[in-house]
Structures are given as structure tokens and as C-alpha cells.
Amino acid sequence: HMFDKFNVDFVRANFPALKGDWAYFDNAGGTQIAEQSASKITDYLLNTNVQLGASYEISQLSTEKVALANVLWAEAINAKSPREIVLGSSTTALLQNLARALTNYFKPGDEIIVSNSDHEANIGPWLSLHEKGVKVKFWHINNENYRLELDTLNELMNENTKLVAFTHTSNILGTINPVKEIAEFVHSKNAMVCVDGVAYAPHRHIDVKGWDVDFYAFSLYKVYGPHYSLLYGKESILKELSGINHFFIGKEELPYKLQPGNVNFELAYGSTGILDYFNSVYNEHFSEKNTILNSRLEKVFQLIADHEEEIVRPLMDFLNSKSNIKIIGEKTSDKNLRVPTVSFIVKGRKSSEIPLLVDPHKIGIRWGDFYARRLIESLNISDIDGVVRISMVHYNTKSEVEKLIGVLDKII
């Protein structure tokens with residue numbers, strides 16, 4: 001099956017950091033950067049580091065490099081146009097900017113629904129619209145199966161609902177929410193969706209057109225690139241939003257009107273190196289010459305999903321076999337139900353104790369609420385310092401997982 005063909009040694013050779021002694025299992029906090037991305041940042045800074053839009057040749061070249069980010073990422077995530085790609089410093093900042101740009105769209109009495117399983121980045125900006133007379137309601141997960149359920153959402157929605165904000169994958173639970181199905185349901189009630197894809201994007205292919213989402217955001221530094229982020233918005237909606245840039249930046253100037261100041265030139269260009277990396281993975285594993293970036297990525301991410309399922313399985317089996325461990329999220333390793341971001345608590349222990357005992361073995365894991373504080377509070381586990389989280393990506397290996405299991409077996 002596919003796993004036998006996945007060349008993890010080839011993959012790891014693209015990440016200089018992996019040549020060291022550490023096993024990285026804190027990838028949901030930020031992945032290692034692919035060499036292709038880092039070298040593009042360097043190339044930009046050393047060779048074309050000038051202001052954009054001037055008539056001289058180096059400025060023209062610089063302008064092309066920065067514009068390439070919007071062009072390639074639009075193709076990568078199946079957006080209609082580069083105008084639908086807004087870049088910025090973090091997903092938190094981009095969603096706050098989006099809420100600001102939407103301020104005039106909402107009127108008093110309008111309602112927004114947010115999920116209690118989200119990272120605060122996709123909750124706080126919407127709660128701030130409360131000052132404008134917008135009512136915010138919480139869509140709670142089912143605490144038994146840790147899922148967001150449409151029946152619950154249905155009870156919250158009415159003719160005043162204008163937006164539903166939710167996560168594609170919780171950075172604690174690892175559960176994959178059915179975005180296409182939720183978007184379809186919300187649209188049938190004449191509201192928009194804003195999806196936080198941060199914990200999904202490193203693991204699976206993104207298809208904004210196929211899912212018919214209105215807004216979708218994720219962090220490039222969690223997808224093997226630099227500390228930078230991306231927000232997709234449907235052009236038909238973005239055109240109508242208030243600009244949050246200078247007063248003389250026209251309403252039609254997308255995405256510039258939604259980017260206060262300029263993008264970070266070297267990080268925008270550097271982020272295209274992520275796609276170079278994925279292209280190299282495609283060329284290593286597939287012989288057919290496919291020229292469409294989006295469909296190449298789709299095939300690469302199918303490989304990735306298979307490999308991730310394979311390496312997360314022994315960990316899930318181990319955690320499930322321990323009577324003093326409770327998995328917070330899906331108990332399965334099924335790639336259709338979850339990504340390999342795995343959280344658990346240990347009976348009678350504080351979550352903060354566990355990583356400290358793992359550290360000496362040169363394995364990086366983590367504890368906490370991971371900015372999904374409302375979820376941790378609703379599960380009543382704040383007093384034990386939240387969860388222990390092990391988050392894998394496709395450059396992790398079975399032997400790293402076996403080493404981690406060996407360490408956990410001794411300390412738990």
C-alpha cells in the first residue's frame with residue numbers, strides 16, 4: 001500500500017533541523033521550515049530587497065517575486081483569483097483585520113455564531129463586534145464525542161445569523177470537522193462561514209472552491225514555511241468590505257485594501273518555497289507529469305495522510321491501552337476522522353508534569369490550553385493544566401514514535 005512507497009528519508013532531507021538529535025512532536029505549535037522556503041527568504045533579502053513598484057529593473061523583479069505568492073497560493077488552495085489571497089503576520093491578526101473590515105456589514109441585532117472548540121483567534125475578533133450591537137452565540141461541542149454537531153448549530157441559527165465561525169480541525173482534539181457539509185448548511189440559512197484551518201493545513205489538501213467557504217485562514221509557519229499567514233476570502237465578498245488601509249486605497253484594490261501597510265516582502269516570497277518543497281515530494285513519488293499545482297498537491301497530501309495514519313496508530317493503540325490515560329478527542333487513528341494531533345490527560349497527574357519528564361530524552365512535546373482556553377475550561381481540565389499534546393507531521397518517523405512510546409510507558 002501507499003505507505004511502503006512514502007520516502008520519509010527523502011522528505012527529511014529537505015529539513016536541515018531534522019539532522020539534529022531531537023524528535024519534534026510539537027508541530028501543531030509550528031513546524032520545521034523546508035530548506036526551499038528558507039533559501040527563498042535569503043535570496044530575496046540578499047538580491048532584491050528594494051521597495052516595490054518603481055520603474056527600475058530590480059524593483060520590477062522584486063514586485064514579481066512578491067506577487068508570485070498570491071498567484072501560487074491561489075492555485076494551491078483552489079481559489080479563483082490571486083485577489084482572494086490576503087497575507088499577514090499571523091492568523092490572529094488576519095482574523096482581527098477581517099472582523100474590522102466587516103464592521104459596517106453588520107448592524108445591531110445581527111448574530112454571529114462561534115464554536116467553543118476554536119483557538120481564540122477565531123473567537124475574540126467576533127466577540128469584539130458585541131460593541132456594535134452584534135450578538136454572539138456559542139456552538140458547543142458534544143462533550144461525549146468531542147464533535148461539533150449540525151443539530152446543535154441548527155438550534156442556534158435564525159434569520160438574524162450572518163456568520164458562523166468554526167475550526168476545520170481543533171488544535172487540541174485533532175478531529176476533522178465536515179467543512180463542506182457545514183458550509184452548505186450555513187449557506188442554506190443565508191449566512192457566511194469563516195473557517196480556521198490552522199490545524200488542518202499541515203496535514204491535508206485545501207480546496208476553498210470545492211468546500212464553498214467564504215473565508216479560510218491558516219498559518220504558513222505551521223505548514224513548513226516562515227512565520228507568516230494567509231487568509232482566503234471570496235472576491236465577491238471582499239469587494240464589498242470596508243478597506244482598513246489608507247483612505248486613498250480604493251475599494252477595488254484587492255487584497256491591498258485589507259492589508260494595513262505592506263506585506264512582508266521576503267516572507268511572502270519565501271512562502272512560495274513551501275510549494276517548491278511539495279513539488280519536489282510530488283516528483284519523488286509520482287512519475288506522471290502533472291502541470292496543475294492544485295492536483296499535484298492533492299496527490300501529495302493523500303500520501304501524507306496515509307503516512308500520518310500509519311505513524312499515529314501505534315501511539316493511539318498505546319494511549320488506548322492505558323487505563324489511567326484519557327484521550328481528549330477521537331480515539332481512532334483513522335485519517336478520515338482526525339489528524340495526528342493527539343491530546344490526553346493522565347489520571348491523578350497534572351499535564352505540566354509529563355513533558356518535563358520527556359524533555360531529557362530529546363523529544364519535544366507540550367502541555368497547556370494552546371489558546372483554546374474556552375474548550376479546556378468547558379471540559380473542566382484547567383486545574384490540571386490542560387492537556388498533554390503530541391502533534392506529528394509527515395516528516396516524523398515510526399521509530400521516533402516508538403521511542404516516544406517507550407519513554408511514556410516508563411513515566412505514566
Side-chain angles (χ1 to χ4, degrees), residues 95 98-99 102-103 105-200 208 210-217 233-234 237 326-332 336-339 343 369-382 387:
L95 290 175
L98 177 62
L102 276 163
T103 305
Y105 171 85
F106 297 110
K107 52 186 194 301
D110 283 348
E111 296 183 4
I112 294 174
I113 295 170
V114 296
S115 113
N116 76 324
S117 62
D118 270 72
H119 185 289
E120 193 61 22
N122 200 24
I123 300 174
W126 307 117
L127 285 177
S128 71
L129 293 170
H130 182 68
E131 294 154 28
K132 307 279 175 203
V134 175
K135 185 178 175 187
V136 182
K137 295 175 173 174
F138 274 90
W139 177 15
H140 290 269
I141 59 162
N142 176 331
N143 277 9
E144 298 301 305
N145 63 18
Y146 304 106
R147 291 189 195 162
L148 286 172
E149 295 176 340
L150 282 181
D151 291 353
T152 319
L153 178 60
N154 189 32
E155 288 164 18
L156 295 169
M157 291 190 80
N158 58 45
E159 65 279 2
N160 296 322
T161 311
K162 293 291 182 284
L163 177 78
V164 178
F166 65 98
T167 184
H168 200 154
T169 297
S170 155
N171 68 338
I172 286 180
L173 306 171
T175 307
I176 299 172
N177 292 314
V179 161
K180 187 176 179 174
E181 192 187 335
I182 297 170
E184 205 173 295
F185 178 77
V186 171
H187 289 152
S188 75
K189 309 264 187 189
N190 299 317
M192 300 186 297
V193 295
C194 177
V195 184
D196 174 348
V198 171
Y200 181 88
V208 292
W211 301 328
D212 195 25
V213 288
D214 302 296
F215 307 107
Y216 194 94
K234 281 184 184 168
I237 300 172
K326 183 181 186 189
I327 296 169
I328 305 297
E330 292 285 343
K331 295 183 175 34
T332 172
N336 298 307
L337 296 177
R338 67 142 56 248
V339 300
S343 298
D369 64 28
F370 305 101
Y371 288 73
R373 184 161 298 178
R374 294 168 201 273
L375 175 60
I376 294 299
E377 285 172 354
S378 75
L379 295 171
N380 295 319
I381 50 176
S382 304
V387 295

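What you see below is based on every heavy atom in this structure, not just the backbone, and it leaves out hydrogens, waters and symmetry mates.
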Asker: Distance check, rounded to the nearest 0.5 Å: K135 atom NZ versus N158 atom CG?
Answerer: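 Atom-to-atom, K135:NZ and N158:CG are 7.5 Å apart.
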Asker: Short question: side chain of N171, backbone of F370 - any donor-acceptor pair under 3.5 Å?
Answerer: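 Yes.
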Asker: Got a salt bridge between D118 and R374, using NZ or NE/NH1/NH2 to carboxylate O under 4.0 Å?
Answerer: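 Salt bridge flag = no for R374 with D118.
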Asker: Roughly how far apart are K132 NZ and L102 CG, rounded to 0.5 Å?
Answerer: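 Between K132 NZ and L102 CG, I get 12.5 Å after rounding to 0.5 Å.
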Asker: In Å, rounded to the nearest 0.5 Å, how long is the span from CG of D369 to CD1 of I381?
Answerer: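 Answer for the CG-CD1 pair, D369 versus I381, is 9.5 Å.
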Asker: Answer yes or no: is there a side-chain heavy-atom contact under 4.5 Å between R147 and E330?
Answerer: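 Side-chain contact under 4.5 Å: yes.
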Asker: Any side-chain heavy atom of E120 within less than 4.5 Å of one from R373?
Answerer: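 When only atoms from C-beta onward are counted, R373 and E120 do not touch, as no gap falls below 4.5 Å.
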Asker: Locate the shortest heavy-atom distance separating M157 from I113; write the atom from each residue and the value.
Answerer: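 Shortest heavy-atom contact: CG-CD1, 3.6 Å.
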Asker: On a heavy-atom basis, which atom in L173 and which in Y146 lie closest, and how many Å separate them?
Answerer: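 Heavy atoms of L173 and Y146 come nearest at CD1-O, 3.6 Å.
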Asker: If you define the side chain from C-beta out and look only at heavy atoms, does anything of K189 sit under 4.5 Å from N154?
Answerer: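 A side-chain contact exists here, since the closest heavy-atom pair is under 4.5 Å.
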Asker: Which heavy atom of V339 sits nearest to which heavy atom of A199, and what is that distance?
Answerer: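 The pair with the smallest heavy-atom distance is CG2-O, 4.0 Å.
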Asker: Kindly indicate whether the side chain of I376, heavy atoms from C-beta on, has any atom under 4.5 Å from the side chain of S382.
Answerer: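 A side-chain contact exists here, since the closest heavy-atom pair is under 4.5 Å.
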Asker: Report yes if some heavy atom in the side chain of N122 is under 4.5 Å from a heavy atom in the side chain of C194; otherwise report no.
Answerer: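 In contact.
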Asker: Donor-acceptor check, side chain of S343 to backbone of I328, threshold 3.5 angstrom: yes or no?
Answerer: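 Checked: no pair found.
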Asker: What I'd like to find out is whether the side chain of N336 reaches to under 4.5 Å of the side chain of I176, using heavy atoms alone.
Answerer: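 Answer no - side chains too far apart.
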Asker: L163 versus Y105: any side-chain heavy-atom pair under 4.5 Å?
Answerer: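 Result no, sub-4.5 Å side-chain heavy-atom pair not found.
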Asker: Can you tell me how the ring of H168 sits relative to the ring of Y200, calling it parallel under 30°, perpendicular over 60° and tilted otherwise?
Answerer: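 Plane angle under 30°, so parallel.
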Asker: State, yes or no, whether a side-chain contact exists between I182 and V195 at a heavy-atom distance under 4.5 Å.
Answerer: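 With C-beta onward as the side chain, the pair stays apart.
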Asker: Might you point out which heavy atoms bring L156 and T161 nearest each other, and give the distance in Å?
Answerer: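 The pair with the smallest heavy-atom distance is O-OG1, 4.2 Å.
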Asker: Short question: side chain of N177, backbone of T167 - any donor-acceptor pair under 3.5 Å?
Answerer: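 Yes: the side chain of N177 pairs with the backbone of T167.
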Asker: Using 0.5 Å steps for rounding, measure from the OG atom of S117 to the CD1 atom of I123.
Answerer: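 Between atom OG of S117 and atom CD1 of I123 there are 7.5 Å.
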Asker: What's the separation between atom CG in L379 and atom CD1 in I141, rounded to the nearest 0.5 Å?
Answerer: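 With rounding to 0.5 Å, CG (L379) is 5.0 Å from CD1 (I141).
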Asker: Among residues two or more places apart or on two chains, list those pairs meeting salt bridge (Lys or Arg N to Asp or Glu O under 4.0 Å) that have a residue in residues 149-172.
Answerer: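 As it turns out, the salt bridge (Lys or Arg N to Asp or Glu O under 4.0 Å) pairs with a partner in residues 149-172, which skip direct neighbours, are D110-K162.
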Asker: Pick one: which of D214, D212, V193, V213 meets side-chain contact (heavy atoms from CB on, under 4.5 Å) with V186?
Answerer: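 Output: one option passes, namely V193.
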Asker: How close do M192 and I237 get, counting heavy atoms only, and between which atoms?
Answerer: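 That closest heavy-atom pairing would be SD-CD1, 3.7 Å.
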Asker: Holding to ring-ring contact (aromatic ring centres under 6.0 Å, His included), I want the full list of residues that pass it with H119, two or more places apart in sequence or in another chain.
Answerer: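 Y371.
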Asker: Which value, rounded to the nearest 0.5 Å, describes the distance between F215 atom CZ and L98 atom CG?
Answerer: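 F215 atom CZ to L98 atom CG measures 5.0 Å (nearest 0.5 Å).
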Asker: What's the shortest heavy-atom distance between A99 and P125, and which atoms?
Answerer: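 So the minimum-distance heavy-atom pair works out to CB-O, 3.6 Å.
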Asker: Using the rule given for side chain to side chain contact (heavy atoms under 4.5 Å, CB included), can you reason through F138 versus V114, listing the C-alpha separation, both sets of side-chain angles and the distance that settles it, and then say yes or no?
Answerer: CA-CA 5 Å; F138 274 90; V114 296; 3.5 Å; yes
